[in-house]
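To find a chain, count down the sequence lines: A is the first, B the second, and so on, and within it residues start at 1.
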Number of protein chains: 2
Amino acid sequence: MVAKTKPVKRTRDLEKTRKEILSVAFNEVFRRSFQGVSIDDIVKKTQLTKGALFHQFPTKLDLGYALVDEVIQPMILERWIDPIEAFENPVDGILHQIEELIGKADPRYLRYGCPLNNLMQEMAPVDAGFRDRLQSALRLWISGVEVQLRRGKREGQIKKEVHPKDAAHFIVMAHEGLYGILKGLDDPSAFKSMYRPLKTYLRTLEN
Amino acid sequence: MVAKTKPVKRTRDLEKTRKEILSVAFNEVFRRSFQGVSIDDIVKKTQLTKGALFHQFPTKLDLGYALVDEVIQPMILERWIDPIEAFENPVDGILHQIEELIGKADPRYLRYGCPLNNLMQEMAPVDAGFRDRLQSALRLWISGVEVQLRRGKREGQIKKEVHPKDAAHFIVMAHEGLYGILKGLDDPSAFKSMYRPLKTYLRTLEN
DNA sequence: TTGACAACATACCAATTGGTACGTAACGTA
DNA sequence: TACGTTACGTACCAATTGGTATGTTGTCAA
């Protein structure tokens, strides 16, 4: 017998329950992919029931969309864009964040890859709603990096010849590539192998 | 009424049938992911029935494993490793293949990403059998590039200071990153944005 | 205090899932 | 040409899927 601790929910807070569902759904989808997770799986890991979930999200797809808009997109800003502003030299910021968030990350966590990349590779060709939302999240990331590089140019940290748009695309590409290879490889030394050439490249952008 | 052209199969050729199933399964999985495709979906697109499929592949997972071993792995060799040998300078070969197979590829095809990367991002954390096979396919790719870079060093095309293992990791990472971003972005100019910096980096490896 | 509405819980459902049991017939061998 | 093997076809199945219809009860305005 499994301990059934379901009817404990007494308080009724729409936003709080929404966040609880999104939190559980994010973790499950992060670990087992969107199509690999069922609504029942998510409900089981919650203190709620199916009724609560479908009250907030009319369909499973709507839940997936909310995952992109309300969890993943803010996470990109918080982890990869905003922290860079604190660095005088954006390249320093980018390298620092990669070291902190990927290099020093728990391998058990890294095995699940990048939340954005996971959903993008799985759902972009399958569903247009996902495609649009994942696309704008990705564009947000790229343009955020581009803005930081422009600032670096303006303030003299980055070379005049650098093409911010190209470099931003390449940098985000490297992030997703890093996550992807580390996910598939299960090799602790792989990060350094990829980080060294990436660092070399990024340093060529500096004055 | 849908035209039912099922009982046309008269010849009995185990290997031929296997290849037909693998071919259909590869295309379906490539377009809609492994978990997004059902056995019935695959059977429908075949001239065969469920009995034939389960005669060859005891489970759906076995079919997926065969996809990695018998379709994707040979494809990596054929597209990304073997062609490079024809070039005196491996960097020329790598750039040429990227231009041909990604730069000049039909956007409608690119939207489905990289077959290896797709399965890796989706199935590596979910199933150990997938993880092992995808890992060896990825290692094959990386070590194949590494071998070519070593040859380039030996024959004087590549700088002495280049670390072949690091560079090989970085190059394959860039491939998967390229595929991944192009899949999510749906922007024709994105390839050039990423290709230019990648080319710049690769040229720094040359003498 | 009360009533009404919204935030949940419960009990269901048709369709789809991977898989199986068993039948049939094409093929090599004797 | 008879025969056994096995490559396939057919008909089914229990479990799971996303989703719904209908309760029940917390919460807040009046």
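Residues from residues 51-66 of chain A placing a heavy atom under 4.0 Å of any atom in DNA chain C, listed by number, are A:Gly51, A:Ala52, A:His55.
Rounded to whole Å, atom C1' of C:dT16 lies 9 Å from atom NZ of B:Lys44. Taking atom CD on B:Glu15 and atom P on D:dC8, their separation rounds to 11 Å, with Å as the unit. The nearest whole Å value for the distance from the CZ atom in A:Arg18 to the P atom in C:dA6 is 17 Å. Rounded to whole angstrom, the span from the CD1 atom of B:Ile39 across to the P atom of D:dC12 amounts to 21 Å. In this structure, the CZ atom of B:Arg12 is 7 Å from the P atom of D:dA7, given to the nearest Å. One can place CG of A:Asp13 at 10 Å from P of C:dA7, the figure rounded to the nearest angstrom. The distance between atom CG of A:Leu48 and atom C1' of D:dG26, rounded to the nearest whole Å, is 14 Å. Separating the NZ atom of B:Lys19 from the P atom of D:dA7 is a distance of 16 Å, rounded to the nearest angstrom.
Partners of A:Arg203 by salt bridge (charged side-chain N to carboxylate O under 4.0 Å, His left out), not counting sequence neighbours, listed by chain and number: A:Asp92, A:Glu206.
The side chain of A:Asp41 lies closest to D:dT17 when the candidates are D:dC8, D:dG18, D:dT17. Candidate nucleotides C:dA9, D:dT17, D:dG26 were compared by shortest atom distance to the side chain of A:Asp40, and D:dT17 ranks first.
The ring-ring contact (aromatic ring centres under 6.0 Å, His included) contacts involving residues 168-191 of chain A comprise A:Trp80-A:His175, A:Trp141-A:His175, A:Phe170-A:Tyr201, A:Phe191-A:Tyr195, where partners must be two or more places apart or lie in separate chains.
Checking the phosphate oxygens (OP1, OP2) of C:dC8, a side-chain nitrogen or oxygen of A:Thr17 falls inside 4.0 Å. Checking the phosphate oxygens (OP1, OP2) of C:dT17, a side-chain nitrogen or oxygen of B:Ser38 falls inside 4.0 Å.
If you look at A:Phe57 and A:Tyr65, their ring centroids are not closer than 6.0 Å.
A salt bridge is defined here as a Lys NZ or Arg NE, NH1 or NH2 lying under 4.0 Å from an Asp or Glu carboxylate O, and A:Asp186 with A:Arg111 fails to meet this definition.
Residue B:Lys50 places no side-chain atom within donor-acceptor reach of the base of D:dG9, judged by atom type and a 3.5 Å distance cut-off alone.
Between A:Phe130 and A:Phe34, the ring planes lie perpendicular to each other; the angle is over 60°, past the 30° to 60° tilted range.
Nearest approach of B:Lys60 to B:Val37, heavy atoms of both residues: NZ-O, 2.8 Å.
Taking a 6.0 Å sphere around CD of A:Glu99, one finds it holds more than 12 heavy atoms contributed by other residues, nucleotides or ligands.
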